Amino acid sequence: MTEMHPEVAAVTDRVIERSRGTRRAYLDLIEREREAGVHRPMLACGNLAHGFAAAGEDKAAIRSGRAMNIGIVTAYNDMLSAHQPYGRYPDQIKVFARERGATAQVAGGTPAMCDGVTQGQRGMELSLFSRDIIALSTAVGLSHGMFDGTALLGICDKIVPGLLIGALRFGHLPTILIPAGPMPSGLANKEKQRIRQLYAEGKVGREELLESEAASYHGAGTCTFYGTANSNQMMMDVMGLHMPGASFINPGTKLRQAVTRAAIHRLTEIGADGNDYRPLGRCVDEKAIVNAVVGLLATGGSTNHAIHLPAIARAAGIVLDWEDFDRLSAVVPLIARVYPNGSGDVNHFHAAGGMSFVIASLLDAGLLHGDILTVAGASLRDHARDPKLDGEDLRYEDAPAQSFDDTMLRRPAEAFQPDGGMRLVKGNLGRATFKTSAVEEQRRTIEAPARVFSDQDEVLKAFKAGELERDVVVVVRFQGPQANGMPELHKLTPPLGVLQDRGHKVALVTDGRMSGASGKVPAAIHLSPEAIGGGPIGKIRDGDIVRLSGPEGRLDVLVEEAEFSARAAASPPPSATGTGRELFAFMRHGADGAEQGGSAMLAAAGL
């Protein structure tokens, strides 16, 4: 057995020690729920009759209580390309369950909003909080007590974290997450980025831009760049919550259906009544959470998970902070370059060796914990396999010994860079995340005068007016969870990229979010404390020199301390209304900091 890297072991011990009390309380909770919570045998006859009244051919089996009844929580809608394939899954899952003498019912549905559709629009201000709504929707579905296991159908940005947070509060149930896969590759992502920048410069029109976008996002499945959605799939793999190799098989293929079938068959084997009970709350432990961070760093995944992973961890009684990310980032090498960190997309990544190669090589290097309780194997090593069809039969092959494309995927010893490229930067402005892996090395330290904004549209206006044609640190404040729900500022990437390409030193500093797919411009994001809570970012003025340095782990405004302390903070803009934003006021008011996960729900629950 490979010895764990000493720093990965040390960070894991740090998380375990910090979480000792809360984790014990969580494990006690799920044990009580298993023994004395709401279960079918405890339901009154009227309750139970309601639960199987419309179950058709499964009615007798559910009534008897002798077989597992799987609760399906689905994030299906047919507007969101990644979730459109889920429309037929419940009927298929019921057939797969019957093959093993079990039953399945749709426990409930959750919303599944798309950041790609709402990017730069008002609806993006609901996006982060949709994670909590998804968690609440999951809890509502499972609260009926009709289920002995859970199949979670979801892929994208807030959806997987929300499903997992909700399901963890029913952590006594065995649970498998079932993805639907990425769409086939369309227009190359580099070409899409080029057209976006030309549009930002006014060199192509809307029709050309729309044609480019439509050629990129062209069918059912997840977007093919390595953003938050595909980072979700990677994390579920290294946590052992998927069937081996499930993440990046395209929708609508025989192999995809075979892996989904295997997931349901496996779920029937890990229930509380059998000899291989694997409850979700035991699978998601401190080591699994550390694995998720390591996988994120090693593959250059989305910075959004600097918010989502602490929230997921809290739901399991585990306390994770940005120091943990930073310490791991210093020792976990970057072994993958997937767009926007490279030229190929997730389909190319999968063909190069994909997740089986990633898991095997990180285990070999002592960077992943193999001794975790997974849904499908004796250890995580059993998840370093790829599913294949042999006629109609599903079999698994061990991970390839070598990458099939070393421009995209390498072993840790030949890594693209020695660190994971997600740094904690801190100083007199607070604490923030800086994804250095997407930024050229010579741009990882920027010192320039600030230009301060309170809205991303103001930045675009200033760019179009030529007011940013210089070295500049663009500061966008009042973008945190309490201010406006922390929308992503992804549409700032093209204009800031244009300025950088023109030779200017450019950086972004914000208390908002900027997707891991945002690319090449240095950005200190998730700055905490946020402006509306009295954070120092609220005191920055136009012309102040701001210094951001990833290598040094620093973010500072270079103003005399006495002068800066004496300044009055800027007044926040009025709360926005329309597009339902006013309905989320209670979530904004109750949200905690980005480092804790930006959740009103978890804060109010005392988790």
Side-chain angles (χ1 to χ4, degrees), residues 19-44 47-48 51 62 65-73 93 97 100 102-108 110 134-154 160-178 236 239-242 263-289 311-318 372-376 601-602 605-607:
S19 308
R20 196 170 299 280
T22 50
R23 179 64 176 171
R24 182 70 264 162
Y26 174 75
L27 293 176
D28 289 346
L29 167 73
I30 64 172
E31 186 61 28
R32 289 196 306 271
E33 290 294 289
R34 178 190 176 189
E35 297 296 331
V38 181
H39 305 288
R40 268 184 301 156
M42 300 177 63
L43 294 177
N47 302 134
L48 185 58
I62 296 172
R66 288 192 294 269
M68 173 180 276
N69 189 34
I70 297 167
I72 304 166
V73 181
I93 287 171
R100 291 300 180 92
T103 56
Q105 295 176 292
V106 175
T110 76
I134 292 161
L136 293 168
S137 300
T138 302
V140 169
L142 297 179
S143 69
H144 296 94
M146 289 288 296
F147 309 110
D148 311 294
T150 312
L152 300 179
L153 310 185
V160 166
L163 289 170
L164 199 48
I165 290 167
L168 279 165
R169 303 314 293 176
F170 297 79
H172 60 290
L173 298 176
T175 298
I176 296 180
L177 287 101
I178 300 177
M236 296 307 100
M239 294 173 76
L241 300 178
H242 278 171
I264 300 305
H265 287 181
R266 180 59 181 161
L267 197 50
T268 67
E269 298 168 353
I270 58 174
D273 292 338
N275 297 321
D276 195 15
Y277 177 44
R278 301 190 184 204
L280 177 64
R282 291 281 183 181
C283 291
V284 180
D285 65 3
E286 297 91 339
K287 290 181 177 180
I289 290 291
I312 292 168
R314 286 169 72 182
I318 298 165
I372 61 172
L373 183 65
T374 74
V375 298
M601 175 188 69
L602 295 173
L607 298 176

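Given the structure is predicted, the values throughout are model-derived calculations rather than measurements. FYI, side chains are in, hydrogens and waters are out, and symmetry mates aren't considered; it's all heavy atoms of this structure.
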Pairs meeting criterion salt bridge (charged side-chain N to carboxylate O under 4.0 Å, His left out) with involvement of residues 35-44, two or more places apart: R40-D148
Contacts of D276 that satisfy side-chain hydrogen bond (donor to acceptor under 3.5 Å, both in side chains) - sequence neighbours left out: R266, R278
Distance in Å, T175 OG1 paired with L168 CG, rounded so as to fall on 0.5 Å steps: 8.0 Å
Contact check, side chains of I134 and L163, non-hydrogen atoms, under 4.5 Å: yes
Intermediate values then yes/no, side chain to side chain contact (heavy atoms under 4.5 Å, CB included), L164 and L280: CA-CA 9 Å; L164 199 48; L280 177 64; 4.1 Å; yes
Pair L43-H144, side chain to side chain contact (heavy atoms under 4.5 Å, CB included): steps then yes or no: CA-CA 9 Å; L43 294 177; H144 296 94; over 6 Å; no
Separation between CD of Q105 and CG of N69, rounded to the nearest 0.5 Å: 4.5 Å
Shortest non-hydrogen contact between L173 and F147, atoms and distance: CD2-O, 3.5 Å
Nearest heavy atoms of A288 and C283, plus distance in Å: CB-O, 3.5 Å
Verdict with reasoning, L29 to H172, per side chain to side chain contact (heavy atoms under 4.5 Å, CB included): CA-CA 9 Å; L29 167 73; H172 60 290; over 6 Å; no
Any L152 side-chain heavy atom under 4.5 Å of L241 side chain: no
Minimum-distance pair of heavy atoms, taken over all atoms of M601 and I165: CE-CG2, 3.8 Å
For R32, salt bridge (Lys or Arg N to Asp or Glu O under 4.0 Å) partners two or more places apart: none
V73 to A107 - nearest heavy-atom pair and separation: CG2-CB, 4.2 Å
Non-hydrogen atoms of H242 and L177 that approach each other most closely: CD2-O, 3.1 Å
Throw together a table of side-chain donor-acceptor distances under 3.5 angstrom for residues 311-318, partners on residues two or more places apart or in other chains.
from : atom 1 : to   : atom 2 : distance (Å)
R314 : NE     : L607 : O      : 3.1
R314 : NH1    : D592 : OD2    : 2.7
R314 : NH1    : Q596 : O      : 2.7
R314 : NH2    : D592 : OD2    : 3.0
R314 : NH2    : L607 : O      : 2.9

Value rounded to 0.5 Å, distance of CZ in R23 from CD in E286: 5.0 Å
Partners passing side-chain hydrogen bond (donor to acceptor under 3.5 Å, both in side chains) against T150 (at least two apart in sequence or in another chain): none
Within-4.5 Å side-chain heavy-atom neighbours: R100 and E269: yes
Minimum side-chain heavy-atom gap P174-L267 below 4.5 Å: yes
A97 versus I264, closest heavy-atom pair with distance: N-CG2, 3.7 Å
N/O donor-acceptor pair under 3.5 Å between E33 side chain and R169 backbone: no
For D285, all residues meeting side-chain hydrogen bond (donor to acceptor under 3.5 Å, both in side chains), sequence neighbours excluded: none
Approximate separation, where rounding is to 0.5 Å, of T103 OG1 and I93 CD1: 12.5 Å
